[in-house]
Amino acid sequence: MSFSADLKAELFAIRPERDCCKLTELAALYMSMGSLSFLGKGRLNVQFTSESLSAVKRALVLLQETLDITPQIHYVSTAHFGGMRKCVLTLGPIQTPVFLLKMQMISQDESGETAFRSATPKISLSRGCCNRAFLRAALMGGGYMTNPEQDYHLELGYRDDDMREYLARALQRNDLPIRQSSRKGKNFLYLKQSDQIVDFLTLIGAHKTVMHIEDLRVKRHVISTVTRAMNCDSANMHKQLTAAEEQTQAIMLLARKDGLKGLPPSLQQIAVARLNAPDLNLAQLGQTMDPPLSKSAVNHRMRRLMELARATSDLSDPEPSPGDENEV
């Protein structure tokens with residue numbers, strides 16, 4: 001299964017305990033994958049359609065628990081996309097008015113006459129439990145999340161402005177950003193930052209998935225820290241070898257010019273040590289001396305050798321005078 005399917009499987013295992021949360025989940029599932037059809041002569045039917053059998057079964061269980069109705073489930077194969085099968089739950093003309101009344105989509109007067117009010121369920125998200133239930137069902141019915149090993153992206157699809165308003169209100173209540181986009185004709189609100197996705201998943205009760213994401217984030221942090229340290233060590237090593245090479249070249253220049261015997265004993269000693277150990281850093285080089293020298297003392301002597309080498313180089317390559325340029 002995909003990561004998104006595993007996440008939804010975790011959410012399907014969460015059962016809302018309060019009746020208000022069950023109705024809120026049912027409303028969100030209807031807004032995500034439900035449809036209302038007019039059959040004529042005042043008859044209506046409602047269908048829940050999804051590629052996910054688990055999502056349709058969730059709607060079935062909620063209908064049984066909240067409205068005591070048991071609609072039929074069947075499969076439909078589409079001619080497009082390789083004959084994809086979809087699961088369809090249908091409420092017939094007798095069951096549909098019961099559902100629409102509970103969702104406040106129709107009203108009924110004392111004589112039993114009904115009137116159509118809205119194509120969208122009317123729900124309250126003022127309670128924290130219902131707020132969480134709505135977001136959870138919105139993800140189960142029409143949401144998606146990429147594998148966090150590849151990228152951080154969680155989206156909640158919506159099919160009309162009413163559902164978008166409900167989603168935006170629920171996200172805003174929990175201090176989550178409202179970002180909107182569309183792809184292949186489908187609209188959705190989405191989260192991209194890992195902290196925001198973790199907050200969202202914690203809110204709706206996906207604790208197993210949250211632990212998995214946190215584990216990945218810790219591993220990435222460790223790998224990033226080790227990589228930075230290795231890069232730093234590599235850069236320091238390159239810098240050290242470059243400096244040692246420059247020091248060796250400077251000492252060899254002094255040796256070719258006047259020999260090392262003309263240098264003070266302390267500089268002779270460090271020059272010979274460098275020629276014998278061109279790969280050691282200053283601290284290591286100091287430990288080869290007798291008596292051992294500190295890194296600071298070695299650095300001081302090396303600076304004096306480099307200054308002498310530069311002076312020798314300047315003397316051996318004087319700038320040409322203006323008169324020399326015209327000589328043949």
Side-chain angles (χ1 to χ4, degrees), residues 1-14 25 28-29 31-33 49-59 78 80-87 131-159 163-164 166-168 170-235:
M1 290 197 303
S2 67
F3 181 87
S4 188
D6 289 339
L7 167 59
K8 289 183 180 182
E10 181 183 2
L11 297 178
F12 287 132
I14 301 173
E25 271 202 16
L29 290 173
M31 283 186 263
S32 299
M33 56 185 192
T49 305
S50 175
E51 298 170 11
S52 169
L53 174 60
S54 297
V56 174
K57 282 185 175 180
R58 181 60 161 245
T78 60
H80 303 290
F81 308 110
M84 181 182 296
R85 286 210 320 169
K86 292 187 176 181
C87 187
N131 194 287
R132 294 189 293 273
F134 181 81
L135 291 174
R136 181 169 55 246
L139 180 54
M140 290 189 294
Y144 175 78
M145 182 175 172
T146 59
N147 191 330
E149 293 183 10
Q150 302 168 356
D151 188 21
Y152 290 110
H153 180 84
L154 184 148
E155 61 187 42
L156 302 171
Y158 64 89
R159 299 189 298 181
M163 186 175 183
R164 181 196 176 281
Y166 277 124
L167 286 172
L171 291 172
Q172 190 174 33
R173 176 188 173 95
N174 294 283
D175 298 322
L176 291 168
I178 302 170
R179 298 190 178 94
Q180 179 178 331
S181 186
S182 60
R183 183 180 60 256
K184 297 181 180 180
K186 297 182 179 180
N187 301 313
F188 54 88
L189 302 183
Y190 68 94
L191 302 172
K192 288 292 290 185
Q193 295 184 13
S194 60
D195 289 341
Q196 296 167 354
I197 292 175
V198 166
D199 289 344
F200 177 87
L201 295 176
T202 302
L203 176 71
I204 63 175
H207 303 300
K208 180 180 177 181
T209 302
V210 169
M211 292 298 293
H212 177 68
I213 294 175
E214 293 291 7
D215 183 54
L216 285 176
R217 293 207 293 184
V218 169
K219 290 180 180 177
R220 283 176 175 164
H221 176 72
V222 171
I223 292 173
S224 177
T225 301
V226 171
T227 301
R228 283 197 303 270
M230 291 177 63
N231 290 339
C232 182
D233 289 344
S234 178

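No experiment lies behind these values; they were computed from the predicted model shown.
Taken to the nearest 0.5 Å, the CG atom of N131 stands 11.5 Å off from the CD1 atom of I204. Going from atom CZ of R217 over to atom CD1 of I213 covers 7.5 Å, rounded to the nearest 0.5 Å. A distance of 9.5 Å separates OH in Y190 from CD in Q180, rounded to the nearest 0.5 Å. Considering OH of Y152 and CD1 of I197, their distance stands at 8.0 Å, rounded to 0.5 Å. For the atom pair CG (D151) and CE (M145), the distance works out to 9.5 Å, reported to the nearest 0.5 Å. With rounding to the nearest 0.5 angstrom, the CG atom of L139 is 9.5 Å from the OG atom of S32.
Of the possible polar contacts, one joining the R58 side chain to the F12 backbone as a donor-acceptor pair under 3.5 Å is found. The closest donor-acceptor contact from the side chain of N174 to the backbone of L176 lies at 3.5 Å or more, if one exists at all. Put simply, the side chain of E10 gets close to the backbone of H207: a donor and an acceptor are under 3.5 Å apart. A donor-acceptor contact shorter than 3.5 Å is absent between the side chain of S50 and the backbone of A55. A donor-acceptor contact shorter than 3.5 Å links the side chain of K8 to the backbone of G143. Side-chain atoms of R159 come within 3.5 Å of backbone atoms of M31 as a donor-acceptor pair (strictly under, hydrogens ignored).
Taking a 6.0 Å sphere around NZ of K219, one finds it holds 12 or fewer heavy atoms contributed by other residues, nucleotides or ligands.
Nearest heavy atom pair, residue S182 against residue N187, reads CB-OD1, 3.3 Å. Nearest heavy atoms, E25 versus A133: CG-O, 3.5 Å. Here the closest heavy-atom approach between residue L11 and residue A206 is recorded as CD2-CB, 3.9 Å. The two residues L29 and A137 make their nearest non-hydrogen contact at CD2-O, 3.7 Å. The two residues A138 and L167 make their nearest non-hydrogen contact at CB-CD2, 3.7 Å.
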Task: Full working for side chain to side chain contact (heavy atoms under 4.5 Å, CB included) between L171 and L135 - done: CA-CA 8 Å; L171 291 172; L135 291 174; 4.2 Å; yes

- [ ] Decide yes or no on side chain to side chain contact (heavy atoms under 4.5 Å, CB included) for F3 and T209, but give the supporting numbers first.
- [x] CA-CA 9 Å; F3 181 87; T209 302; 3.5 Å; yes

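Between F188 and H153, the ring planes lie perpendicular to each other; the angle is over 60°, past the 30° to 60° tilted range.
D199 is not listed as a side-chain neighbour of L191, based on a closest heavy-atom distance of 4.5 Å or more. Within the 4.5 Å cutoff, the side chain of E149 has heavy atoms near those of the H212 side chain.
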